> 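Here it is, the structure, as C-alpha cells.
Remember, predicted model here, so these are calculated numbers, not experimental data.
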Amino acid sequence: MSYWLFKTEPDTFSIDTLKQQKVSCWEGVRNYQARNMLRDEVSVGDEVLIYYSSCKHVGVVGIATVVRACYPDHTQFEPQSDYFDPKATPETPRWFMVDVAYQRHLPLIALAEMKQNPALSEMPLVKKGNRVSVMPVTTAQWQAILAMAGE
C-alpha cells in the first residue's frame, strides 16, 4: 500500500461531497506528472489525503481510499467539459483517473502548520513552487500528518 495527497478545490469537489457520494471518480487531472502517477503508481487500496487548495483554508481535510485503478478520464472526450481534450480519442486517451471512497474527515491541518513540522520538511507540498495535484506521501509523513490531526 502507498500513500498519496490529492489536491482539490472545495467549491469544485469537497470532502463533504465525497462523503455524500461515498465513492467518486477523481477526474480532471491535467498535469502530465500527476497523470503519470495516477496511471502508473496509484493502486487499489492506497490511502489518500484530501487536500484543499486555492481557497481560504488551505490544508488536509480528510482521507479516502483508492477503490478502482486507473482508467480513461471520460471528461477528455466531452466537448462541453472544461476538461475536454481534442487530441484525445477513446483509442488513445491522454488523461486518466481513479475512483476513491470516502474514509473520514480530519480536522483541518493547515499548510502553514505543515510547513512548521520538521517531519514534513522533505514533503513536496511544503516546498516552493510545487503545483502538482497528485503527489506521493511517505509512511513517516503520513504518520506525522495523522499525529497533527490527533490520531
> For residues 135-151, please give each side-chain donor-acceptor pair under 3.5 Å, one per line with the distance, not counting sequence neighbours.
from, atom 1, to, atom 2, distance (Å)
T138, OG1, Q141, N, 3.0
T138, OG1, Q141, OE1, 3.3
Q141, OE1, T138, N, 2.9
E151, OE1, R104, NE, 3.3
E151, OE1, R104, NH2, 2.6
E151, OE2, R104, NE, 3.1

> For a quick test of reading the model, state the closest non-hydrogen atom pair linking V134 to W4 and the distance between them.
CG1-CE3, 4.1 Å
> Do L18 and L5 share a hydrophobic cluster, counting only Ile, Leu, Val, Met, Phe, Trp and Tyr and linking them when any side-chain heavy atoms are less than 4.5 Å apart?
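Hydrophobic grouping puts L18 apart from L5.
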> Taking all heavy atoms of V29 and all of W95, pick out the closest pair and write down the distance.
O-CE3, 3.4 Å
> Atom CD of E9 and atom OH of Y52: how far apart are they, to the nearest 0.5 Å?
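Here the interatomic distance stands at 11.5 Å.
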> Return yes when atom CG of D82 has more than 12 non-hydrogen atoms of other residues, nucleotides or ligands closer than 6.0 Å, and no otherwise.
no
> Just jot down the side chain to side chain donor-acceptor pair (under 3.5 Å) partners of S24, sequence neighbours excluded, or say none.
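Counting only residues at least two positions away or on another chain, S24 forms a side chain to side chain donor-acceptor pair (under 3.5 Å) with Q21.
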> Minimum heavy-atom separation for A34 and V132, please, with both atom names.
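So the minimum-distance heavy-atom pair works out to CB-CG1, 3.9 Å.
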> Yes or no on side chain to side chain contact (heavy atoms under 4.5 Å, CB included) for D73 and R35, after CA distance, side-chain angles and deciding distance?
CA-CA 10 Å; D73 182 335; R35 184 237 13 222; over 6 Å; no
> When hydrophobic residues are tied together by side-chain contacts of less than 4.5 Å, even through go-betweens, does L49 share a cluster with L108?
no
> Taking side chain as C-beta onward, heavy atoms only, is L125 less than 4.5 Å from K7?
yes
> Taking ILVMFWY side chains as joined if any heavy atoms are under 4.5 angstrom apart, and letting links pass through other members, which residues group with M97?
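Cluster partners of M97: Y71.
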> Are Y51 and Y102 connected in the hydrophobic side-chain network, where two residues link if heavy atoms are under 4.5 Å apart?
no
> Between D16 and S14, is there a side-chain donor-acceptor contact under 3.5 Å, judged purely by atom types and distance?
no
> Anything under 3.5 Å between a donor and an acceptor, one on a side chain of residues 57-69, the other on a protein residue two or more places apart or in another chain? List them.
from, atom 1, to, atom 2, distance (Å)
T65, OG1, Q103, NE2, 2.8

> Find the distance between CE (M1) and CD (E47) and round it off to the nearest 0.5 Å.
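It is 4.5 Å, given to the nearest 0.5 Å.
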> Nearest 0.5 Å, please: how far is CG in D46 from CZ in F6?
8.0 Å
> Under 4.5 Å between side-chain heavy atoms, chaining through other members, with only Ile, Leu, Val, Met, Phe, Trp and Tyr counted: pull out the rest of the cluster around F77, sorted by chain and number.
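Besides F77, the cluster holds no residue at all.
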> Would you say that W26 contacts I50 through its side chain, given a criterion of any heavy-atom pair below 4.5 Å between the two side chains?
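Sidechains of I50 and W26: in contact.
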> Quick one: pull up OG in S133 and CD in Q33 and give me the separation to the nearest 0.5 Å.
9.5 Å
> Hey, what do you get for CG (L38) to CZ (F96), rounding to the nearest 0.5 Å?
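L38 CG to F96 CZ: 10.0 Å, rounded to 0.5 Å.
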> Taking all atoms of both residues into account, what is the closest heavy-atom pair of Q76 and A88, and its distance?
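Taking Q76 first and A88 second, the nearest heavy atoms are OE1-CB, 3.2 Å.
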> What side-chain donor-acceptor pairs closer than 3.5 Å can you find for residues 115-124, not counting sequence neighbours?
from, atom 1, to, atom 2, distance (Å)
N117, OD1, A119, N, 2.9
S121, OG, P118, O, 3.1
E122, OE1, K127, NZ, 3.1

> Which heavy-atom pair separates Y83 from R30 by the least distance, and what is that distance?
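Residues Y83 and R30, closest heavy atoms: O-NH2, 2.8 Å.
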> Let me confirm one number: the CD1-CD distance from I15 to Q20, rounded to the nearest 0.5 Å.
12.5 Å
